[in-house]
Student: 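For reference, the structure I am asking about is given below.
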Amino acid sequence: MKTRNSRAVAETFFLLVGSWVVLVEAGCASTSAEYPITERTSKPLPVSSIDDNGPVLRQLVPSLVLTLHIREQRVELTEGVVRLTPPVSGRRFEEGTMRLQGWRDGQLISTLVVPDERLNVQEGKGLVVLDERQVVAALAVPVRLDTVTVQLGPEQPEQKLDVRTIFEGFCKEFPRSIVCRRNSGHEK
Amino acid sequence: MKLVATSVRGPAPALVADRLGRFPRITGLLLPAIAVQLIVGCGFPAVTAKHDPLYRASSHTSTISATAKQSEDGISKITIHVTKGTMTDCSSMGGTPSVIPCRSGSVTFTHDCSFPTNPAEATCSYSEDFGNQGMISYHVEAESGAGKKSTSQEITFATGYPPTAWIARPIWWHRADATGAEIPTSEKIDLCFVPDADYSGLYSTFTGDAQKIIDGSFFNSSQQFAKVYTSYRGYFNLWAGPFGADAEGCSRTVNSDLALVIAPMDGTAIVHSNSFRDCATITAGGGKGSVYAGASDSDWILMHESGHFLHGQGDEYCCDGGYANAGSCKNVFSSESDCRSYSSTNGFDPDDCVEIKNATTSTGKWRSDNGQLETMRDRTDDSDWQNMSRACVLARFKNCASGSCY
């Protein structure tokens with residue numbers, strides 16, 4: 001309540017003096033503190049959207065978010081969606097991890113190593129190996145991909161997933177996306 | 001987690017003393033005050049700030065509270081800098097929608113509290129109903145009676161329901177520093193809290209449970225088990241996700257909306273309200289774990305499970321735990337010689353190696369025991385990360401400080 005009153009007074013004061021700095025005297029406001037407080041709230045000033053969002057947008061990359069269903073050694077693509085995400089930190093490809101690689105016309109575009117989530121621990125039960133499980137991963141995609149390969153551990157063979165329709169659908173819906181523009185040759 | 005009937009063997013050592021005495025490799029790590037503030041001593045005020053509630057998906061009044069302390073010169077002024085706007089999916093700024101939110105229509109203002117008597121400790125609060133799809137950032141500046149200033153880290157949080165289900169809702173997000181400069185996401189551990197299907201559509205119940213868990217884990221200086229995460233919470237970004245997770249034991253699935261949100265996260269805590277034995281991946285980041293919100297010690301459960309899915313630590317209790325590690329640091333071993341060898345090369349006392357066993361059962365697995373209550377072993381609020389698990393967790397924060405947590 002104190003704040004709402006202060007802000008109302010502040011706006012009135014601003015109109016009267018035409019000042020950008022608003023002083024709202026709450027005086028020794030009613031507060032549970034044992035010391036006197038003077039409070040004031042300034043008038044809100046607009047913030048440039050570019051300035052406000054720049055620190056976030058500069059860190060985001062277009063990514064193909066893959067939902068994979070894994071059964072034993074077989075990998076099935078359940079869903080793929082393109083979104084901006086923070087880049088996922090690289091990991092060493094080793095036991096307990098899986099490697100995803102994005103390809104376009106036979107050229108390697110991006111690589112991601114994520115935990116395979118096969119080894120779990122259930123309290124009071126011990127280690128639980130999930131031969132069937134779901135894994136989601138965000139693979140950076142600076143351009144359209146046609147294929148993603150998945151390798152369930154360094155000793156396992158690669159499995160190919162066709163992702164062309166995912167990008168076709170995405171670029172129909174978001175033609176301004178840099179992923180789609182690069183694909184059409186507007187940007188290099 | 002497991003309640004282990006052991007006697008309490010004295011209090012765990014204090015953080016700083018422990019770090020200085022036992023883990024010289026980590027002494028370079030920033031002091032725990034990172035959490036919210038900053039310059040203490042030399043006449044500079046110590047500043048802490050927090051918003052409450054942390055997150056709700058319905059319209060509500062949020063209160064940002066800042067406290068500053070300076071015993072010598074007192075506190076003359078606290079200024080809360082607020083930027084508020086509407087949470088968006090960023091698509092208006094470049095075409096590709098984002099799971100990490102942008103903000104539109106932003107305005108910035110300050111709320112000043114002046115203290116003419118310069119009390120040694122002063123509090124300043126600002127309250128507002130920021131509405132649905134709100135995204136609020138704040139940082140706090142405190143000035144001592146001698147004119148010395150300290151500034152808190154900027155924190156961003158969401159209010160009300162989001163613009164779309166598949167967007168990450170910030171609870172405690174280091175979006176930018178106080179000057180507006182970017183903070184690399186790789187320097188933070190992004191931990192997402194999501195509701196299990198057993199909440200049956202009651203998202204507000206989930207956010208209430210999540211607040212309890214987060215308060216108990218990241219804003220809790222009074223209980224030993226939470227002191228590390230509380231001290232180092234400046235290295236965490238905390239998020240909430242939509243419905244879409246369905247966990248039961250180790251079986252877990254997520255729907256397409258939730259998949260988008262958790263894919264870039266370093267860890268996902270599936271909060272559930274029905275009772276089952278919690279399960280987590282053994283992963284050094286990028287994994288998932290369940291947390292039973294109905295337990296009175298759900299905050300401790302998060303701590304233990306995060307040991308599995310954020311830090312790759314194995315259980316240390318006997319005799320039905322999960323004895324495995326992921327990542328480069330270890331806390332359980334298949335033999336005494338492995339334990340002793342690892343201890344020797346990593347600065348631990350090899351004579352602390354003990355088998356994980358009880359009076360009737362031997363597991364054949366080994367751990368390092370410094371005689372203190374261990375979070376990966378002892379289900380008690382007096383537990384803490386000890387020895388190897390402690391080194392592993394603190395090394396993670398050191399990695400964050402070096403630019404990449406994982």
Side-chain angles (χ1 to χ4, degrees), chain A residues 3 33-47 49-60 62-63 65-67 79 81-89 91 96 114-115 117 119-128 130 134 136-138 174-180, chain B residues 1-2 83 90 93-100 102-104 106-117 119 122-123 126-128 175-176 180-182 184-186 249-250 253-254 256 259-260 262-264 277-283 286-287 308 314-315 320-322 324 326 404 406:
Chain A
T3 300
E34 296 176 352
Y35 41 80
I37 305 174
T38 302
E39 299 189 54
R40 66 180 186 182
T41 304
S42 70
K43 181 176 177 60
L45 298 173
V47 179
S49 182
I50 292 174
D51 292 343
D52 190 27
N53 294 297
V56 175
L57 287 170
R58 281 194 291 273
Q59 298 187 67
L60 301 179
S63 300
V65 179
L66 297 157
T67 304
E79 189 164 21
V81 179
V82 179
R83 290 287 183 268
L84 290 179
T85 74
V88 176
S89 300
R91 287 179 167 77
V114 295
E117 302 190 27
L119 188 59
N120 293 257
V121 54
Q122 185 166 19
E123 308 305 336
K125 186 172 180 180
L127 295 179
V128 176
L130 293 179
Q134 183 191 52
V136 298
F174 301 100
R176 291 174 55 211
S177 167
I178 195 166
V179 175
C180 306
Chain B
M1 63 283 177
K2 179 87 170 176
T83 302
C90 307
M93 302 201 59
T96 308
S98 171
V99 300
I100 301 298
C102 287
R103 184 162 54 196
S104 68
S106 299
V107 296
T108 186
F109 61 92
T110 59
H111 182 75
D112 294 332
C113 296
S114 298
F115 309 98
T117 59
T123 297
Y126 177 78
S127 296
E128 183 176 333
R175 181 176 182 267
E182 62 197 73
T185 57
S186 61
C250 291
T253 58
V254 300
S256 55
L260 291 171
I262 67 172
R277 288 181 170 183
D278 282 305
C279 181
T281 58
I282 295 189
T283 45
H308 295 312
D315 286 320
D320 48 8
S404 182
Y406 291 100

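Below, read A as the first sequence line, B as the second, and so on, with proteins coming before strands; counting in each chain starts at 1. Values reported hereafter were calculated over all heavy atoms of this structure, with side chains retained and with hydrogens, waters and symmetry mates removed.
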Student: Any idea how B:H111 and B:Y126 line up, ring-wise: parallel (<30°), tilted (30 to 60°), or perpendicular (>60°)?
Tutor: tilted
Student: So for B:P116, is it side chain, backbone, both, or neither that comes closer than 4.5 Å to the heavy atoms of chain A?
Tutor: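 Contact with chain A: backbone and side chain both.
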Student: Report which part of A:L119 has an atom under 4.5 Å of a heavy atom belonging to chain B: side chain, backbone, both, or neither.
Tutor: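 It is both, since atoms from each part get that close.
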Student: Quick check for you: among B:T108, B:T185, B:I100, which has the greatest number of heavy-atom pairs under 4.5 Å with chain A?
Tutor: B:T108
Student: I need the residue from A:L130, A:D52, A:D51 with the largest number of non-hydrogen atom pairs under 4.5 Å to chain B.
Tutor: A:D52
Student: Under a 4.5 Å heavy-atom cut-off, does chain B meet the side chain of A:L57, its backbone, both or neither?
Tutor: side chain
Student: Among the options A:T67, A:N53, A:L127, A:L66, pick out the one with the most heavy-atom pairs lying under 4.5 Å from chain B.
Tutor: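 Looking at each of A:T67, A:N53, A:L127, A:L66 in turn, A:N53 comes out on top.
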Student: Is there a side-chain contact between A:F174 and A:C180 (heavy atoms, below 4.5 Å)?
Tutor: no
Student: So how far is it from A:S177 OG to A:L84 CG, rounded to the nearest 0.5 Å?
Tutor: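 CG of A:L84 is found 7.0 Å from OG of A:S177.
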Student: Could I get the full list of side chain to side chain contact (heavy atoms under 4.5 Å, CB included) partners for B:P184, not counting sequence neighbours?
Tutor: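 With neighbours one apart ignored, the set is A:Q59, B:S186, B:E187.
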Student: Using non-hydrogen atoms only, which part of B:T253 is less than 4.5 Å away from chain A: side chain, backbone, both, or neither?
Tutor: both
Student: What pairs with A:N120 under side-chain hydrogen bond (donor to acceptor under 3.5 Å, both in side chains), at least two apart in sequence or on another chain?
Tutor: B:R252
Student: Please determine if B:D315 and A:K125 form a salt bridge, counting it only when a charged side-chain N lies under 4.0 Å from a carboxylate O.
Tutor: no
Student: Given A:L45 and B:F109, is the side chain to side chain contact (heavy atoms under 4.5 Å, CB included) satisfied, shown in steps?
Tutor: CA-CA 6 Å; A:L45 298 173; B:F109 61 92; over 6 Å; no
Student: Of the backbone (N, CA, C, O) and the side chain (C-beta and beyond), which part of A:V114 lies under 4.5 Å from a heavy atom of chain B, both, or neither?
Tutor: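 No part of it gets close to chain B.
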Student: Under 4.5 Å, counting heavy-atom pairs only, tell me which of B:L260, B:T83, B:V107 racks up the most with chain A.
Tutor: B:V107
Student: Is there a side-chain contact between A:P86 and A:L60, using heavy atoms and a 4.5 Å cut-off?
Tutor: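 Yes, close enough: below the 4.5 Å cut-off.
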Student: Among B:C90, B:G314, B:A324, B:G321, which has the most heavy-atom pairs under 4.5 Å with chain A?
Tutor: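 Max contact count across the listed options: B:G321.
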Student: Name the region of B:T283, side chain, backbone, both or neither, that has any atom closer than 4.5 Å to a heavy atom of chain A.
Tutor: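 Contact with chain A is through the side chain of B:T283 alone.
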Student: Between B:A326 and chain A, which part of the residue has a heavy atom less than 4.5 Å away: side chain, backbone, both or neither?
Tutor: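 Contact with chain A involves no heavy atom of B:A326 at all.
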Student: So which part of A:T85 gets closer than 4.5 Å to some heavy atom of chain B, the side chain, the backbone, both or neither?
Tutor: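 Its backbone and side chain both get close to chain B.
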Student: For a 4.5 angstrom cut-off between non-hydrogen side-chain atoms, does A:P62 reach A:I178?
Tutor: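 Yes, at least one pair of side-chain atoms sits under 4.5 Å.
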Student: Is A:E117 in contact with chain B via its backbone, its side chain, both, or neither, using a 4.5 Å heavy-atom distance?
Tutor: both
